[in-house]
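Presented below is the structure to which this report refers.
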Amino acid sequence: MSNIAKTYEPQQFEKEIYAAWERDKNFHTTAEASGEPYCIVIPPPNVTGQLNMGHALDETLQDILIRYHRMKGDNTLWMPGTDHAGIATQARVEEQLRGEGTNRYELGREKFLERVWQWKEKFGNRISYQLRTLGSSCDWERERFTMDKGCSAAVRKVFVQLYNEGLIYRGRRITNWCPSCNTALSDIEVEHETEQGHLWHLRYPFADGSGYVEVATTRPETMLGDTGVAVHPDDERYKNLVGKTLILPLVNREIPLFADSYVDKNFGTGAVKVTPAHDPNDFEMGLRHNLEQVKVINNDGTMIDAGKYTGLDRYACREQIVKDLEEGGFLVKIENHEHAVGHCHRCHTTIEPLISKQWFVKMETLAEPAIEAVKSGELQFVPERFTKTYINWLENIRDWCISRQLWWGHQIPAWYCDDCGEMTVSETDIDECPHCHGKNLHREEDVLDTWFSSALWPFSTMGWPNDTPELKKFYPTSVLVTGYDIIFFWVVRMVMMGLKFRGEVPFKYVFIHGLVRDKFGRKMSKSLGNGVDPVEIINKYGADSLRFMLVTGNTPGNDLRFFDERVESARNFANKIWNASRFLLMNLEGFDKNFKPTREDLEFADEWILHELAKTIDAVTKNLERFELGEAARLIYEFIWLEFCDYYIELTKTRLYGSDARAKSTALFVLEKVLECTLRLLHPFMPFLTEIIRQKLPNAQGSIMLAPYPTRDELKDLLSDADNIDEFANVILNTVRTIRNLKSELGIDSRKKSAVVLKVTNANYKKFLAENVSYVTDLAFAEPITFADEKPAHAMSGVVDGLEIYLPLEGLIDVEKEIARLTKELEKLRKGAASTAGKLKNERFLSKAPAEVVQSERDKLAAAEEKISSLEQRIKQLENL
RNA sequence: GGGGUUGUAGCUCAGAUGGUUAGAGUGCCUCGUUGACAUCGAGGAGGUCACAGAUUCGAGUUCUGUCAGCCCCACCA
């Protein structure tokens, strides 16, 4: 049993343990299993590539909650799966094809899709593998994919119903178009960035030769598509000119000068050139004033139907146009101008607003209940501040463009009849037009926005539209864990669809985390090359270390920085646990595993550590329930390292190495009890390490992940009901610390034994210290310790509440230095006492503060005064030497 | 133009419900090789909690404003 390696080597056991868990079906549950339902559906990673650090954080938080609830006895389900990520995945495969010197059009839709499915197999499997490496306890038997049969059926059902209810419509609209991805995008897929641009002032002459109007534009190339110039109706400068006709320079088209209140009188010249085909606002104005839509920019970003400019790229055209305008005398001036430009959030190409026929979801009626759900508290964000972001967005929502000119995705179930021209939307494939019974049908080529299927994820994964036991048991799910960056993309849409199709929110809590950044605080990205592969970190430090690092030192909703040093620190913690366990296992050898001590067998140190353990269990549980996972982890860390290892283990050594068998058995019993309990407490955070160690403990059976989460109650037979455990422990610990300090000041090796004299002033501590003085000896290497009422003449001294401590060092101390040291300490004490005394002199404090606060201030002052006077005496004594 | 968020030790961050002399990790300095652990142990230095007001007996914590950084939303050409 003691043939346990000297250092923690996670590579030796993590994979094996995970395989065993999976083999034993420890992750699996059914709707029929007992316990309160607790369910999380995974935010499905994209099959575009591999898991990144952001996923690692997301999965770790989920796994902690899942493992905690599973141990608590809940019927716990973690539903895994992946997302087809339409635009992103298609782009990756197209990139691959480009490398092979071909493209999707050459391949054709069917062959191309085969290629994407191959890609999906490869990367989907890699993601599952990576999730396993992390220790994620997903129910793999239920793994889903947004384009699998069930999810696709759900998509169809939802689409058709929304269409039939008039909530999905097809329309010719101006939409965001990415010339590189060659598809329409929704508004939130456009990222606006401030760019330094120019404002070109142009001169448009009147047809009658009576002068000109000056317009300002940031996009001169669009002037080729201008079909009007607008001014504000109240603008005095133009009042008499409205209705006149202008000649569009270079094109020589006649266009009207008209009035529209959209125009801002104070911007530029107060006159706007209007290009209905290439600007959303102009599009609206064009509709209001019946303007022609002249399309001059093509889907690929080149000019079309633009005379000599035809075929030029939009930016090359801009240059040429400006040159030509200048030559023609139409350019007035060029100003620098900062403005926001939209970019495709996938490929970062500048967006081109274009008119095309697209499919939209009407959002307003879907948004209302989603707002209500948050306001009523049915749905809660953690941290709460994201509620505001969510509501604000929903209240200003616009229709959602859901069609994409891609091949990879859910093809829209609409058919056009070439005979009668009617369109039919159908849940099942059709080969005959229901209107004219014609057979010449062709299906809508567009696919749906990826997020359309993701929006159904919480119920499509549970078998909807069938009425399954899973839906009954686990919907609504307990919590959604995700980053703040996809609240709009995903969270709101799930809520809307959940409410619409299930009549209930899809989850009760939305637990939001931040982004994982690099050590300089930059976003991890492919272009910066600063991404860190979680699997590499796991190979080096172990999954437990990575998990622990990710969950500590951050609070819900905030970003965190990734450092190797922080993983190292977590690994060191794992090593500490490893060695503490090794210590116990070595000592356990050959001992009676069934021994149970009586209450009388327990000594103070035992009572203290059990008391601390119970406090830690309470605090950890409370923080887990509040989603304060980092705080919970920190509490366990402190308990294990500072209390259990640094103090308690040291205090058991006398008994373990002594000859009293009963005392040794008692110490071993408590050591094992505390360690075993702590392992269970820690298991959600560090699943592998806790499993392997616990399996080596004699009294633990079965997998730790199925063992109960520790409670104070399970310790009740061992817990002391004394209420002064903390106080007495402090007496010991403060005394130890003071002695160590004194030794260090003197340059004495901390492990070298030194004589110590204690003058105990607090009567309550006298008996306690006399009985437990060996703790001071053991922890501070203080021996012999004698109790005295007199102070030794030559000695270093220290004062703690209730006693004075002396290191007698005949002739060894430097009196001057000692006086200086004590004086410094005295100053500190006086400062504290003065502020306390000040408070106690304040009438208003005495009358208004709660009694217990006042009392504690009094006690504090008394203790401080006692210390001060004894220090003062000590200093005086030294000065008289 | 709105909204959010951050500002605490050299660095990275904790500090529900206001109540000792503000903490951790890491880095730094001194010391330590025999029995769990150098992936360690002991000790130490280091902070007027961004700034200014307000509320309060009492503010890192609540409120207002200022400054600085980051982020999101938004149709001013």
Side-chain angles (χ1 to χ4, degrees), chain A residues 4 6-8 188 192 199 215-219 222 230 262-264 266-269 271-275 279-284 337 339-340 353 385-386 388-389 392-393 396 484-485 487-488 515 519 521 541 552-555 557-561 563 565-566 568-587 622-623 626 628 630-631 634 637-638 645-646 649-650 653 657 737 740-745 747-752 780-781 828-829 831-833 835-836 839 842-850 852-854 856-857 859-861 863-864:
Chain A
I4 165 169
K6 194 176 168 183
T7 50
Y8 164 68
I188 49 174
H192 292 273
L199 203 52
V215 298
T217 179
T218 53
R219 299 199 56 197
T222 61
Y262 157 76
V263 180
D264 179 355
N266 301 318
F267 187 90
T269 60
V272 193
K273 62 187 251 345
V274 182
T275 324
D279 181 279
N281 298 310
D282 295 3
F283 178 80
E284 295 296 327
H337 180 65
H339 62 145
R385 65 172 185 272
F386 290 102
K388 210 167 176 176
T389 321
N392 187 47
W393 192 75
N396 297 296
Y484 60 70
D485 52 333
I487 292 178
F488 302 144
L515 269 38
K519 64 183 298 185
Y541 298 102
T552 46
N554 103 47
T555 32
N558 288 338
D559 292 351
L560 83 141
R561 300 192 190 198
F563 289 85
E565 290 92 321
R566 290 184 53 196
E568 249 171 69
S569 157
R571 190 269 323 266
N572 294 351
F573 176 49
N575 186 63
K576 188 74 181 177
I577 298 168
W578 185 266
N579 273 294
S581 309
R582 196 164 71 98
F583 169 78
L584 170 64
L585 291 170
M586 283 164 62
N587 282 289
K622 200 167 108 192
N623 280 292
R626 295 171 50 215
E628 292 284 355
E631 183 66 2
R634 192 189 58 90
Y637 179 97
E638 286 188 353
C645 291
D646 285 352
I649 286 185
E650 293 308 318
K653 285 180 179 173
Y657 300 147
R737 212 164 286 137
R740 284 172 174 173
N741 186 333
L742 292 172
K743 287 165 87 173
S744 176
E745 289 277 340
I748 299 173
D749 176 356
S750 60
R751 300 179 80 90
K752 197 181 154 197
F781 294 86
K828 233 167 141 182
L829 279 169
K831 213 176 129 196
S835 95
T836 311
K839 262 189 210 175
N842 187 330
E843 276 306 322
R844 287 185 294 182
F845 172 71
L846 295 175
S847 59
K848 293 197 176 179
E852 65 267 24
V853 173
V854 174
S856 89
E857 290 294 308
D859 295 347
K860 195 166 73 187
L861 184 60

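Bear in mind the structure is a predicted one, so any value in this text is a computation, not a measurement. First the proteins, then the strands, lettered A, B, ... as listed; each starts at 1.
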Protein-to-nucleotide contact annotation, 5' to 3' order, nucleotides 18-29 of chain B [B base; S sugar-phosphate only; - none; under 4.0 Å, heavy atom]: -BBB---S----

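Taking side-chain N and O atoms only, A/Arg385 has no distance below 4.0 Å to OP1 or OP2 of B/G4. Considering only side-chain N and O atoms, A/Asn554 lies nowhere under 4.0 angstrom from the phosphate OP1 or OP2 of B/U12. OP1 or OP2 of B/C13 lies within a sub-4.0 Å distance of a side-chain N or O belonging to A/Arg561. Between A/Asn281 and B/C76, a side-chain N or O to OP1/OP2 separation shorter than 4.0 Å is absent. For B/G4, the OP1/OP2 oxygens have a side-chain nitrogen or oxygen of A/Lys388 closer than 4.0 Å. For A/His337 and B/A77, the shortest distance from a side-chain N or O to OP1 or OP2 is below 4.0 Å.
The interatomic distance linking A/Ile487 (CD1) with B/G3 (P) rounds to 18 Å, in whole Å. If you take CG of A/Asn623 and P of B/A16, they are 11 Å apart, rounded to a whole angstrom. Rounding to whole angstrom units, CG of residue A/Asn558 and C1' of B/G7 are separated by 13 Å. Remark: C1' of B/C75 and CZ of A/Phe267 are 12 Å apart, rounded to the nearest angstrom. Note: CG (A/Leu515) to P (B/C70) measures 16 Å, nearest angstrom. With rounding to whole Å, A/Lys752 atom NZ is found 13 Å from B/U33 atom P. Computed from coordinates, the A/His192 NE2 to B/C73 C1' distance equals 9 Å when rounded to whole Å. Look at CD on A/Glu628: it is 6 Å from P on B/G15, rounded to the nearest Å.
Within the 4.0 angstrom heavy-atom criterion, no nucleotide atom of any strand lies near A/Gly268. Nucleic acid contact class of A/Thr389 (heavy atoms, under 4.0 Å, all strands): none. Within 4.0 Å of A/Glu631, counting heavy atoms only, lie sugar-phosphate atoms of the nucleic acid but no base atom. Contact annotation for A/Phe488: backbone-only contact, meaning every heavy-atom pair under 4.0 Å involves sugar-phosphate atoms and none involves a base. Residue contacts shown for A/Asp264 include a base, since a base heavy atom lies under 4.0 Å away. Counting any heavy atom pair closer than 4.0 Å across all strands shown, A/Val263 reaches a base atom. Heavy atoms of A/Lys519 sit nowhere under 4.0 angstrom from any nucleic acid atom. Across all strands, A/Arg219 comes closer than 4.0 Å to no nucleic acid atom at all (heavy-atom distances). A/Arg740 comes within contact range of the sugar-phosphate backbone alone, with a heavy-atom separation under 4.0 Å but no base atom that close.
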Find every protein N or O atom lying less than 3.5 Å from an N or O atom of nucleotides 34-36 of chain B, and list the pairs.
| unit_1 | atom_1 | unit_2 | atom_2 | d |
| --- | --- | --- | --- | --- |
| B/A36 | OP1 | A/Lys653 | NZ | 3.2 |
| B/A36 | OP2 | A/Tyr657 | OH | 2.1 |
| B/A36 | O3' | A/Arg582 | NH2 | 3.1 |
| B/A36 | O2' | A/Asn579 | OD1 | 2.7 |
| B/A36 | O2' | A/Arg582 | NE | 3.3 |
| B/A36 | O2' | A/Arg582 | NH2 | 2.7 |
| B/A36 | N6 | A/Cys645 | O | 3.4 |
| B/A36 | N6 | A/Glu650 | OE2 | 3.3 |
| B/A36 | N3 | A/Asn579 | O | 3.2 |
| B/A36 | N3 | A/Ala580 | N | 3.2 |

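A/Lys519 NZ: 12 or fewer foreign heavy atoms inside a 6.0 Å radius.
In summary, the side chains of A/Tyr262 and A/Asp282 do not present any donor paired with an acceptor at a separation below 3.5 Å, with no hydrogens or angles considered. A donor-acceptor pair shorter than 3.5 Å can be found between the side chains of A/Thr555 and A/Asn558. Defined by atom type and a distance below 3.5 Å, a donor-acceptor pair is present between the side-chain atoms of A/Thr275 and A/Lys273.
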Intra- and inter-strand pairs of RNA chain B in dot-bracket (Watson-Crick or G-U wobble, both distances under 3.5 Å; | for another strand): (((((((..((((.....[...)))).(((((.......))))).....(((((..]....))))))))))))....

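Nucleotides B/G69 and B/G23 are separated by 25 Å at their C1' atoms, to the nearest Å.
With its glycosidic angle within 90° of 0, B/A16 adopts the syn conformation.
The aromatic rings of A/Phe573 and A/Tyr637 sit tilted relative to each other, their planes meeting at an angle between 30° and 60°.
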